[in-house]
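See structure below.
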Number of protein chains: 2
Amino acid sequence: MRREIEDQPICVAIVEDDEAIRHSLAQILNGSPGYLCVNAFESAEDAIANLPADPPDVVLMDIGLPGMSGIEATQILHDRLPETDVVMLTVQENDDAVFNSLCAGATGYLIKSMPPAQLLQSIDEVYRGGSPMSASIARRVIRSFQSEPDIASPLTRREREILEHLCNGESYRVIAEKLFISGHTVRSHIKNIYEKLQVNSRAEAVRKAMQEKLI
Amino acid sequence: MRREIEDQPICVAIVEDDEAIRHSLAQILNGSPGYLCVNAFESAEDAIANLPADPPDVVLMDIGLPGMSGIEATQILHDRLPETDVVMLTVQENDDAVFNSLCAGATGYLIKSMPPAQLLQSIDEVYRGGSPMSASIARRVIRSFQSEPDIASPLTRREREILEHLCNGESYRVIAEKLFISGHTVRSHIKNIYEKLQVNSRAEAVRKAMQEKLI
DNA sequence: GCCTAAATACCTCAAATGGGTGATTGACTC
DNA sequence: GAGTCAATCACCCATTTGAGGTATTTAGGC
């Protein structure tokens with residue numbers, strides 16, 4: 001917990017190009033006990049340049065910024081200020097952009113049309129180690145990290161089996177013995193695998209297999 | 001949506017070894033319009049054997065089952081019945097087990113002590129494509145899929161560089177040319193990499209590199 | 001019954017790989 | 001000044017791999 005003294009406010013920075021929204025958010029924050037808007041930028045570049053000097057607890061980041069997008073900015077800030085939580089500001093919640101933001105390192109997101117009370121509550125939840133999100137975003141997040149083997153795999157069952165052994169670094173001979181087939185057969189399968197995966201070495205095959213979760 | 005006719009109830013199966021809890025859950029479900037307990041098993045083995053014949057919409061799975069654990073069962077059911085959502089039943093929510101269950105394919109989880117209304121609401125949310133979860137679990141889930149390169153890598157900078165080329169399937173000679181060093185040096189580095197990663201082939205090194213996000 | 005895809009098997013050969021051993025240089029630490 | 005480590009280069013040698021072929025036998029789909 002960063003905030004040992006419980007009556008220290010949560011320090012928030014805003015990155016939002018629309019001046020009206022920016023001011024309105026700042027007012028909501030500064031008008032509420034426990035929250036403090038310490039900074040407000042109108043561009044990602046501005047925020048990246050100035051934030052590291054005085055890292056806030058939470059950054060509210062507009063997704064659709066002109067120039068550098070909020071998602072790119074999130075990636076950079078998340079790298080440089082690992083202690084700071086980035087929360088996205090978005091108009092529409094079931095958005096690819098929201099999902100991509102989470103991939104880029106955002107901890108949560110706010111819908112711009114949220115009532116102020118709920119908005120503050122979400123900030124608080126993020127600050128306390130949570131990640132509030134809607135049902136459908138939650139599902140997408142979970143799906144994406146449950147490594148589902150790609151059903152649309154171009155490989156046959158036997159080929160997948162061989163690929164698995166290949167990934168373990170087993171030699172043709174060992175694979176052949178384990179599968180009770182001849183080494184020649186293993187070679188044939190591997191050639192087919194390479195062709196289908198568009199690679200021409202074991203290393204590339206392993207990489208592709210891992211990346212596309214073929215096994 | 002599986003339930004085109006909106007007044008079809010959500011079909012739920014229960015896997016729970018404690019008879020009292022099992023009956024209580026079944027009663028809650030059957031006593032509520034829109035929900036139907038179609039099956040109740042006292043073991044994971046039982047459920048796996050009988051569920052595929054008549055797949056429910058949602059399975060409530062106890063985490064701490066005797067014999068095969070609920071997590072293993074989830075993995076199997078999730079594979080065999082991809083249309084069915086598995087929801088874990090747990091006493092304590094901020095549990096490694098819950099997180100592991102989600103990795104295994106669970107879509108959500110219920111706290112056994114939840115009031116019935118909230119319990120039904122969670123089932124409904126899962127059924128409608130959501131994934132209700134607590135703040136801290138949500139954060140863990142998000143963290144885990146934000147692929148942070150492992151900073152505690154045992155490899156030196158040069159070794160990581162070589163490893164990257166290795167993952168691309170480049171031959172020693174090509175790597176040597178690209179890095180303006182001799183092939184012998186490349187070999188030396190690779191030998192050191194293998195030793196540090198505790199592997200003895202390129203394939204295993206690539207796999208490890210991908211898994212541990214060393215590159 | 002025919003046809004295709006999948007799985008099986010065999011051959012040759014040049015190139016790449018991995019194991020072992022050892023040396024030199026520069027930088028950094030104690 | 002001694003010791004350590006990263007990075008570089010070197011040699012020997014057995015094994016593995018990848019690329020080029022060809023061919024037989026199942027198993028399913030039509």
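Naming: A, B, ... by sequence-line order, numbering from 1 per chain. All values below were derived from every heavy atom in this structure, side-chain atoms included, with hydrogens, water molecules and symmetry-related copies excluded.
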Got a second to check how far L77(A)'s CG is from D85(A)'s CG, nearest 0.5 Å?
-> 12.0 Å
What distance do I76(B) atom CD1 and M68(B) atom CE have between them, rounded to the nearest 0.5 Å?
-> 4.0 Å
Would you call V87(A) and V59(A) a side-chain contact if the rule is heavy atoms closer than 4.5 Å?
-> no
Rounded distance in Å - CD (E170(B)) to C1' (dA15(C)) = 17 Å
So, the side chain of R139(A) versus the backbone of R128(B): is there a donor-acceptor pair under 3.5 Å, distance only?
-> no
Contact residues, residues 179-191 of chain A to DNA chain D [heavy atom, < 4.0 Å] = R187(A), K191(A)
Separation of E204(B) atom CD from dT17(D) atom C1', in whole Å?
-> 15 Å
Side chains of E204(A) and S201(A): do they bring a donor and an acceptor to under 3.5 Å?
-> yes
Please tabulate, one pair per line, each protein N/O and nucleotide N/O from nucleotides 13-16 of chain D that are separated by under 3.5 Å, including the distance.
| residue | atom | partner | partner atom | Å |
| --- | --- | --- | --- | --- |
| dT16(D) | OP1 | R173(A) | NH2 | 2.5 |
| dT16(D) | OP2 | R173(A) | NH2 | 3.4 |

Neighbour count >12 (heavy atoms, 6.0 Å) for atom CD, E161(B) = yes
Roughly, in whole Å, what's the span from CZ in R158(B) to P in dT25(C)?
-> 19 Å
Kindly write out the residues that satisfy side-chain hydrogen bond (donor to acceptor under 3.5 Å, both in side chains) with R80(A), not counting sequence neighbours, or none if the list is empty.
-> none
Whole-Å distance between dA7(C) P and L155(A) CG?
-> 10 Å
Y194(A) OH to dG18(D) P, in whole Å, measures 4 Å
Answer with base, sugar-phosphate or nothing: what part of the nucleic acid does N192(B) contact at a heavy-atom distance below 4.0 Å?
-> nothing
As a check of understanding: the bend across the helix from dG1(C)-dC30(D) to dC30(C)-dG1(D), end axes from five pairs, rounded to 10 degrees, works out to 60°
How many Å lie between CD on E159(B) and P on dT8(D), as a whole number?
-> 10 Å
Check the distance between dT26(D)'s P and R157(A)'s CZ and give it to me in whole angstrom.
-> 19 Å
What distance do T107(B) atom OG1 and M133(B) atom CE have between them, rounded to the nearest 0.5 Å?
-> 10.5 Å
Identify, with sequence neighbours excluded, every residue that meets side-chain hydrogen bond (donor to acceptor under 3.5 Å, both in side chains) alongside S188(A).
-> none
K196(A): side chain to side chain contact (heavy atoms under 4.5 Å, CB included) partners, not counting sequence neighbours = L155(A), T156(A), E159(A)
Cationic tip of R187(B) within the cone over Y172(B)'s six-membered ring, i.e. under 6.0 Å and within 45° of the normal?
-> no
Expressed in angstrom and rounded to an integer, what is the separation of E195(B) atom CD from dA6(D) atom P?
-> 12 Å
